[in-house]
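First the proteins, then the strands, lettered A, B, ... as listed; each starts at 1. Only this structure's heavy atoms are used, side chains among them; waters, hydrogens and symmetry mates stay out. Predicted model only: the values in this text are computed from it and were never measured.
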Amino acid sequence: MGDNKNFVKEITNIDEDIAQWYTDIVRKAELADYTDTKGCIAIRPYGYAIWENIQNYTDKLFKETGVKNTYFPVLIPESLLQKEKDHVEGFAPEVAWVTEAGGEELEEKLCIRPTSETIFTTMYSKWLSSWRDLPFVYNQWCNVLRWEKETRPFLRSREFLWQEGHTIHETEQEAKERTLQMLEIYKNVAEKLLAIPVITGIKTETEKFAGADATYTIEAMTYDGKALQAGTSHYFGQNFTKPFDVKFQNREGKQEYAYQTSWGISTRLIGAIIMAHGDNRGLKLPPKVAPTQVVIIPIAMHKEGVKEKTEEIYNKLKTKYRMEIDLREQVSPGYKFNDWEMKGVPLRIEIGPRDIEKGECILARRDNNEKITVKIEELEKQIEEILEKIQNDMYEVCKKRIEEKTTIAHNLEEFQANINKEQGFIKAMWCGNAECEAKIKELTSAKSRCIPFNQEHIGDTCVCCGKKAEKMVIWGRQY
RNA sequence: CGGGGCAUAGCGCAGUUGGUAGCGCGCGUGGUUUGGGACCAUGAGGUCGGGGGUUCGAAUCCCUCUGCCCCGACCA
């Protein structure tokens, strides 16, 4: 009482044990919970609302570029999966199979989709005949299943929600442009909606998607300086369209195989929000994606006129912002403050008898604990400005973290020292040889995150073997 | 798949040399409260993760299975 040393008693300290902290947030903020199905979580309303906000924002951007939504089956026959060699080799270990149904063993077993390139491509072969049909720019919002050994809510569960876009095009160039266009949308989602700055670039041969010619990625950094792949966009060339026979008659009247892409973001983004923004008070949500942007808490609710005034303000503002009003009678205001802070609500309005007398109320920011007093008539304008400021400030905090935790290494000794110091990203030159990549991973547990578009010249020799190197690679330990 | 932990009320835990289960929080009800996790009263809630064994008797000892968490290897 009064003494608030037990203030965060229910949440593990983020600096002492971030893994446990993460699990605490997921459960205590009621984002998700473990189920009786191993590795699969139940996403609760508050967590799902975040996903819906991500969906709405992203889907709108997709559609502006001509994406059309579809739905394909969750079951894929084994024969389809087998058609592209690299793809099946990449996914086989983590695929779940349906072998029996209706009390009988199936003639051909069906896999539960880990991703849907094979079935999209199969259907495309039926639907495509002329260059005039192209492009197909289809997407689906769905679930997929990957039999992960080690799971963690949102960041790596066996079943997860995502969107997967699958496109085919008349020309190589058009497909490549689409790949990069979608990556740009993902960067927009991460940075503008989630306030998470990302590094964009291309994956190395070792790290690219099974069956792709090129994999592009957006890479985020977590609170503790680890890397988190937040979205990927792939260019396939004709790798799938050839074995799946996706042909069209081109402008010259000849048969040609289409050029293909795919791209996805998943509920992992919710994990990214938790890991990038959270602190010892709990979850911290950027206003644009927060299911509740403003919570209004009456003080001394039983006093004359307090409840009425609070409801009046709530009713006025709720058409403009995603609002909650906390009228619970059984808990104190202090409890409510902490409760909503743990749930990451960006802005809180406190209003009590003293404020009402003066025609004021208090605005408290979740991101930096700042409290200001504002006139009630200026509330609406103030909220708009502050929410925008919170969104920007949260982005800047993460941006600063990336800058602080990104270091340069010219040799393996520097590399190891830097990564051991505080995780983070390492910028280092690389010769292009997969053996060097493997050696670095072995010695430092860091993998190549990407070859960033934003290249810097930091040397002429490979950080590992010392031979000539032209490309700067971002390295890091990952979630 | 390796290494390490854990499993007792919704959550966090205690339970001694084996004797048939308790505490805190939360929850229900009634009341008093309300400016940073309020209080009083009174209730409800458990085949001690599953199976086997030892024993007159097992939450406790032994075997086994399962699940979860963490650290590695593999992946969105």
Base partner of [N], which must satisfy Watson-Crick or wobble distances under 3.5 Å:
N     : result
B/C39 : B/G31
B/C48 : none
B/U16 : none
B/C1  : B/G72
B/A9  : none
B/G26 : none
B/U54 : none

**Request:** Please assess A/F244 against A/Y124 for the test ring-ring contact (aromatic ring centres under 6.0 Å, His included), listing each intermediate value before the final yes or no.
**Result:** CA-CA 9 Å; A/F244 284 80; A/Y124 284 170; over 10 Å; no

Quick one: which of [options] gets closest to the side chain of [X]?
X      : options             : result
A/I299 : B/U34, B/C70, B/G36 : B/U34
A/K226 : B/G36, B/G72, B/C69 : B/G72
A/S445 : B/U34, B/C69, B/A73 : B/A73

**Item:** Any donor-acceptor N/O pair under 3.5 Å between B/G36 base and A/K371 side chain
**Value:** yes

Between [atom2] on [N] and [atom1] on [X], what's the gap in Å once rounded to a whole number?
X      : N     : atom1 : atom2 : value
A/N338 : B/G36 : CG    : C1'   : 6 Å
A/I41  : B/C68 : CD1   : P     : 13 Å
A/I419 : B/G72 : CD1   : P     : 12 Å
A/E329 : B/G37 : CD    : P     : 20 Å
A/R27  : B/C68 : CZ    : C1'   : 9 Å
A/I356 : B/G35 : CD1   : P     : 15 Å
A/R365 : B/G36 : CZ    : C1'   : 19 Å
A/Y34  : B/A7  : OH    : P     : 17 Å

With rounding to the closest Å, how many angstrom separate the [atom1] atoms on [N] and [M]?
N     : M     : atom1 : value
B/C75 : B/C61 : C1'   : 43 Å
B/C48 : B/A7  : P     : 15 Å
B/G12 : B/G26 : P     : 15 Å
B/G5  : B/U17 : C1'   : 27 Å
B/C11 : B/C71 : P     : 22 Å
B/U29 : B/U66 : P     : 43 Å
B/G36 : B/A44 : P     : 36 Å
B/U8  : B/G67 : C1'   : 16 Å

**Message:** So that I know where these two stand, are A/F154 and A/Y22 an aromatic pair - ring centroids less than 6.0 Å apart?
**Reply:** no

Distances under 3.5 Å between protein N/O atoms and the N/O atoms of nucleotides 74-76 of chain B, please, pair by pair.
| residue | atom | partner | partner atom | Å |
| --- | --- | --- | --- | --- |
| B/C74 | OP1 | A/K441 | NZ | 2.1 |
| B/C74 | OP2 | A/K441 | NZ | 3.1 |
| B/C75 | OP2 | A/K447 | NZ | 3.1 |
| B/C75 | O2' | A/E94 | OE2 | 3.2 |
| B/C75 | O2 | A/R156 | NE | 3.1 |
| B/C75 | N3 | A/R156 | NE | 2.8 |
| B/C75 | N3 | A/R156 | NH2 | 2.8 |
| B/C75 | N4 | A/R156 | NH2 | 2.7 |
| B/C75 | N4 | A/Q478 | NE2 | 2.9 |
| B/A76 | O3' | A/Q229 | NE2 | 2.5 |
| B/A76 | O3' | A/R268 | NH1 | 3.4 |
| B/A76 | O2' | A/R268 | NH1 | 2.7 |
| B/A76 | N6 | A/S157 | N | 3.3 |
| B/A76 | N6 | A/S157 | O | 2.2 |
| B/A76 | N3 | A/S266 | OG | 3.4 |

**Request:** Using the test salt bridge (charged side-chain N to carboxylate O under 4.0 Å, His left out), find all partners of A/K375 that sit at least two apart in sequence or belong to another chain.
**Result:** A/E360

**Asked** Is there a side-chain polar atom (N or O) of A/S332 under 4.0 Å from OP1 or OP2 of B/G35?
**Response** no

**Request:** Please check the phosphate of B/C70 (OP1 and OP2 only) for any side-chain N or O of A/R152 closer than 4.0 Å.
**Result:** yes

**Prompt:** Is a donor on one side and an acceptor on the other found under 3.5 Å between the side chain of A/N420 and the backbone of A/Q416?
**Reply:** yes

**Message:** Going by centres under 5.5 angstrom and planes under 30 degrees, do the aromatic ring of A/H302 and the base ring of B/U33 stack?
**Reply:** no

**Asked** Under the criterion side chain to side chain contact (heavy atoms under 4.5 Å, CB included), which of A/K447, A/E219, A/K226 is the partner of A/Q478?
**Response** A/K447

**Asked** If you pin A/P333 and A/R477 to their nearest nucleotides in RNA chain B, which one's is more 5'?
**Response** A/P333

